[in-house]
Chemist: 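Structure below; questions to follow.
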Amino acid sequence: MTTPTGKPGRRPTIKAVAAAAGVSTAAVSQAFNDKGRLSAGTRRRILDTALELGWSPSAPAAALRSARTRTLALVVRRPTDVLGADPHFSELITGLEGELAPRGYGLLLHLAAGAREENVLYERLAAEGRVDGAVLTDARADDPRPALLARLGLPAVLLGAPDTAAAVPGVGLVGQGAGVEEAVAHLLALGHRRIGYVAGPEELQHTRLRLGAFGAALRTAGLRPVAVLHTDFSEVSAVAATEALLTLPDRPTALVYANDSMAVCGMGAAQRAGLRVPRDLSVVGYDDLPLGRWLHPRLTTVDQQVQRVGALAARVLLARCGEDVEPGALDDRPRLVVRESTGPAPR
């Protein structure tokens with residue numbers, strides 16, 4: 001027997017239907033489940049294509065897709081070595097799990113190497129009905145993911161503020177600029193006038209918000225940044241950026257880092273270069289992760305309540321998944337925590 005796929009004895013697949021109809025596998029699934037935001041014409045084309053190929057979803061699979069999985073997805077677009085070195089996501093997961101576990105929900109963690117891999121993951125998770133919703137990390141300028149998740153019919157929450165009117169709420173970016181402004185004001189009060197910034201990737205929303213606040217705070221004081229260098233958050237890039245800044249003819253007397261992990265790497269690079277922290281160089285991090293409290297000297301940093309952001313994101317997403325949960329809100333903006341890694345500017 002030859003099937004409409006042209007392969008003897010083989011049942012047509014959902015991929016074959018998607019390819020023939022010119023849509024994603026997630027769209028095929030939505031057409032049969034009557035979910036998502038497909039137009040009437042697209043849904044009709046998919047159903048007609050499936051009928052022509054002789055394909056239909058199996059009854060067990062359909063039943064599985066219609067059932068609640070009580071599982072939410074967290075997809076992180078980071079290299080494994082960067083993720084392993086950055087406790088930020090451990091803190092975030094702790095906040096998420098603190099809300100999910102008591103309600104009987106699990107968290108499915110995926111790593112994605114790039115944008116295409118991340119989008120494919122969401123499409124696969126939606127098509128297979130493996131999760132009830134997703135937490136989107138690292139909001140980007142002109143971020144296409146909220147629209148994608150809305151098209152897939154998968155409830156989501158974005159750690160950041162959506163740039164578009166997509167029906168995906170954002171949490172966790174309130175006062176990002178205020179935290180950096182506090183850091184700059186603290187350094188200015190200590191007499192620093194040559195201040196540099198070690199930032200994350202340029203396309204990230206929080207990178208742009210913090211850099212905007214950093215530049216504005218210095219301009220208000222009649223100053224300009226010594227330099228701003230972008231990194232990929234890795235230890236190697238943080239050390240390289242620090243070494244480059246410290247070899248400038250008029251090197252900075254203070255450095256602000258986009259996260260605590262890079263600030264720790266920067267302190268090590270400075271000390272290997274023969275500089276003392278904070279006597280020769282003041283260092284400010286961002287996140288207030290536990291590791292910064294046990295350094296010598298202890299790290300001055302901006303507390304952005306990572307665990308609380310995770311907990312809020314979980315509550316917002318649970319509510320969007322139909323759970324009787326009051327999302328609430330963060331009770332504080334990011335604030336500067338002054339410790340021993342900052343001191344008076346060297347004379």
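Just so it is clear, the values below take in all heavy atoms, side chains as well, and ignore hydrogens, waters and symmetry mates.
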Chemist: State the CZ-CD distance between Phe214 and Glu181, to the nearest 0.5 angstrom.
Modeler: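 If I round to the nearest 0.5 Å, the distance is 12.0 Å.
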
Chemist: Count the heavy atoms belonging to other residues, nucleotides or ligands that lie under 6.0 Å from CZ of Arg103, then report whether that count exceeds 12.
Modeler: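 Check passes, neighbour count above 12.
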
Chemist: Checking Asp138 against Leu159 for the side-chain contact (heavy atoms from CB on, under 4.5 Å) test, could you report, in this order, the C-alpha distance in whole Å, the side-chain angles of both residues, the deciding distance, and whether it holds?
Modeler: CA-CA 6 Å; Asp138 289 335; Leu159 298 184; over 6 Å; no

Chemist: Can you measure from CZ (Arg315) to CD (Glu99) and round to the nearest 0.5 angstrom?
Modeler: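 One finds 4.5 Å between CZ of Arg315 and CD of Glu99.
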
Chemist: Distance from Arg298 atom CZ to Ser341 atom OG, nearest 0.5 Å?
Modeler: 10.0 Å

Chemist: If two hydrophobic side chains count as joined below 4.5 Å and joins carry through other members, does Leu295 share a cluster with Val256?
Modeler: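 No, it is not one cluster - the side chains of Leu295 and Val256 are not joined through contacts under 4.5 Å.
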
Chemist: When you measure from the side chain of Arg77 to the backbone of Glu117, do you find a donor-acceptor pair of N or O atoms at a distance under 3.5 Å?
Modeler: no

Chemist: One pair to check against side-chain contact (heavy atoms from CB on, under 4.5 Å): Asp303 and Gln305. What are the steps and the verdict?
Modeler: CA-CA 6 Å; Asp303 177 11; Gln305 309 175 78; 4.1 Å; yes

Chemist: Return the minimal non-hydrogen interatomic distance between Val198 and Ala241, and the atom names on each side.
Modeler: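 Closest heavy-atom pair between Val198 and Ala241: CG1-CB, 4.0 Å.
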
Chemist: With a 3.5 Å cut-off and no angle check, do the side chains of Thr342 and His186 form a donor-acceptor pair?
Modeler: yes

Chemist: Indicate the atoms forming the closest heavy-atom contact of Pro201 with Phe233, along with that distance.
Modeler: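 Minimum heavy-atom contact is CD-CE1, 3.4 Å.
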
Chemist: For the residue pair Met267 and Pro297, establish whether any side-chain heavy-atom pair is separated by less than 4.5 Å.
Modeler: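 With C-beta onward as the side chain, the pair touches.
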
Chemist: Return yes if some donor-acceptor pair links the side-chain N/O of Thr300 with the main-chain N/O of Arg339 below 3.5 Å, else return no.
Modeler: yes

Chemist: Answer whether the closest heavy-atom distance between the side chains of Leu74 and Ile93 falls below 4.5 Å.
Modeler: yes

Chemist: Where the side chain of His230 meets the backbone of Gly200, is there a donor-acceptor pair that is under 3.5 Å apart?
Modeler: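 Flag set: sc His230 to bb Gly200 pair under 3.5 Å.
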
Chemist: Determine whether Leu158 and Leu125 fall in the same hydrophobic cluster, where Ile, Leu, Val, Met, Phe, Trp and Tyr are linked whenever their side-chain heavy atoms lie under 4.5 Å apart.
Modeler: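 Yes, same cluster.
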
Chemist: Does the side chain of Leu312 reach to within under 4.5 Å of the side chain of Arg308, using non-hydrogen atoms?
Modeler: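 A side-chain contact under 4.5 Å is absent here.
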
Chemist: Has Arg45 got a side-chain atom pairing as donor or acceptor with Ala21's backbone, closer than 3.5 angstrom?
Modeler: yes

Chemist: Are Leu317 and Leu107 in one and the same hydrophobic cluster, where Ile, Leu, Val, Met, Phe, Trp and Tyr link if side-chain heavy atoms are under 4.5 Å apart?
Modeler: yes

Chemist: Test your reading of the model: is there a side-chain donor-acceptor pair from Arg193 to the backbone of Leu188, 3.5 Å cut-off?
Modeler: yes

Chemist: So, does Thr231 use its side chain to make a donor-acceptor pair with the main chain of Ser237 at under 3.5 Å?
Modeler: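 No, the answer is negative, given that no donor and acceptor are paired below the 3.5 Å cut-off.
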
Chemist: Is Leu218 reachable from Val226 through a run of hydrophobic residues whose side-chain heavy atoms are each under 4.5 Å from the next?
Modeler: no

Chemist: Please answer whether the main-chain N or O of Gly177 pairs with a side-chain N or O of His206 as donor and acceptor at a distance below 3.5 Å.
Modeler: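 No: the side chain of His206 does not pair with the backbone of Gly177.
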
Chemist: Salt bridge check: are Arg293 and Asp288 linked by an N-O gap of less than 4.0 Å?
Modeler: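 Looking at Asp288 together with Arg293, the answer is yes, because their closest N to O distance falls below 4.0 Å.
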
Chemist: Would you say Leu281 and Thr253 make side-chain contact, with heavy atoms under 4.5 Å?
Modeler: no

Chemist: Would you say the side chain of Ile46 lies within less than 4.5 Å of the side chain of Val23, judging by non-hydrogen atoms?
Modeler: yes

Chemist: side-chain contact (heavy atoms from CB on, under 4.5 Å) between Asp260 and His88: does it pass, once the steps are laid out?
Modeler: CA-CA 9 Å; Asp260 285 355; His88 171 94; over 6 Å; no

Chemist: Does some side-chain heavy atom of Tyr122 sit less than 4.5 Å from a side-chain heavy atom of Leu136?
Modeler: yes

Chemist: Using 0.5 Å steps for rounding, measure from the CG atom of Asn119 to the CG atom of Leu152.
Modeler: 9.0 Å

Chemist: Which atom names give the shortest non-hydrogen contact between Ala263 and Gly285, and what distance separates them?
Modeler: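 Heavy atoms of Ala263 and Gly285 come nearest at CB-CA, 3.8 Å.
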
Chemist: Taking all non-hydrogen atoms of both residues into account, name the closest pair between Val302 and Pro334 and its distance.
Modeler: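 So the minimum-distance heavy-atom pair works out to CG1-CB, 3.8 Å.
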
Chemist: Might you point out which heavy atoms bring Val309 and Val171 nearest each other, and give the distance in Å?
Modeler: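 Reported closest heavy-atom pair: O-CG2, 4.4 Å.
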
Chemist: Among side-chain atoms of Thr242 and Tyr257, is any donor-acceptor pair under 3.5 angstrom?
Modeler: yes

Chemist: Looking at Leu246, Val239, Thr247, which hits side-chain contact (heavy atoms from CB on, under 4.5 Å) with Glu243?
Modeler: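 Testing Glu243 for a side-chain contact (heavy atoms from CB on, under 4.5 Å) against Leu246, Val239, Thr247 leaves exactly one candidate, Val239.
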
Chemist: Flag the pair Val284 / Leu336 as yes when at least one side-chain heavy-atom distance between them is below 4.5 Å, and no otherwise.
Modeler: yes

Chemist: Enter the distance from Ser261:OG to Leu291:CG here, rounded to the nearest 0.5 Å.
Modeler: 5.5 Å

Chemist: Could you check whether any side-chain N or O of Thr71 sits under 3.5 Å from a backbone N or O of Thr69, counting only pairs where one atom can act as donor and the other as acceptor?
Modeler: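 The answer is yes, because a donor-acceptor pair under 3.5 Å joins these two groups.
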
Chemist: Would you mind reporting whether Leu255 and Tyr197 have side-chain heavy atoms less than 4.5 Å apart?
Modeler: no

Chemist: For Arg251, enumerate each residue passing the side chain to side chain donor-acceptor pair (under 3.5 Å) test, keeping only those at least two apart in sequence or located in another chain.
Modeler: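 By the side chain to side chain donor-acceptor pair (under 3.5 Å) rule, Arg251 matches no residue at all.
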
Chemist: Looking only at atom types and distance, does a side-chain atom of Arg145 sit under 3.5 Å from a main-chain N or O of Thr137, one as donor and one as acceptor?
Modeler: yes

Chemist: Just checking Glu202: does its CD atom have more than 12 heavy atoms from other residues, nucleotides or ligands closer to it than 6.0 angstrom?
Modeler: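 Not more than 12 within 6.0 Å, no.
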
Chemist: Salt-bridged, Arg151 to Glu123, with N to O below 4.0 Å?
Modeler: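 Between Glu123 and Arg151 there is a salt bridge, with a charged N closer than 4.0 Å to a carboxylate O.
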
Chemist: Are any of the side-chain nitrogens in Arg70 or Glu323 under 4.0 Å away from the carboxylate oxygens of its partner?
Modeler: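 Here Arg70 pairs with Glu323 in a salt bridge, since their nearest N and O are under 4.0 Å apart.
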
Chemist: Quick check: closest heavy atoms across Val277 and Val283, and the distance to 0.1 Å?
Modeler: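 Of all heavy-atom pairs spanning Val277 and Val283, the closest is CG1-CG2, 4.3 Å.
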
Chemist: Under 3.5 Å, is there a donor-acceptor pair between the Gln205 and Asp143 side chains?
Modeler: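 Looking only at side-chain atoms, Asp143 and Gln205 do not form any donor-acceptor pair under 3.5 Å.
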
Chemist: Using modelled atom types only, decide if a donor and an acceptor are shared between the side chain of Asp287 and the backbone of Leu289 within a distance under 3.5 Å.
Modeler: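 No, the answer is negative, given that no donor and acceptor are paired below the 3.5 Å cut-off.
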
Chemist: Evaluate the side-chain contact (heavy atoms from CB on, under 4.5 Å) criterion for residues Leu248 and Arg194: first the C-alpha distance (whole Å), next the side-chain angles of each, then the deciding distance (0.1 Å), finally the verdict.
Modeler: CA-CA 11 Å; Leu248 291 174; Arg194 301 194 306 276; over 6 Å; no

Chemist: Between Asp132 and Arg320 (salt bridge meaning N to carboxylate O under 4.0 Å), is one present in this structure?
Modeler: no

Chemist: Out of curiosity, does Tyr286 fall in the hydrophobic cluster containing Val184 (side-chain heavy atoms, cut-off under 4.5 Å, transitive links)?
Modeler: yes

Chemist: Rounded to the nearest 0.5 Å, how far does CG of Leu318 lie from CG of Leu100?
Modeler: 5.5 Å

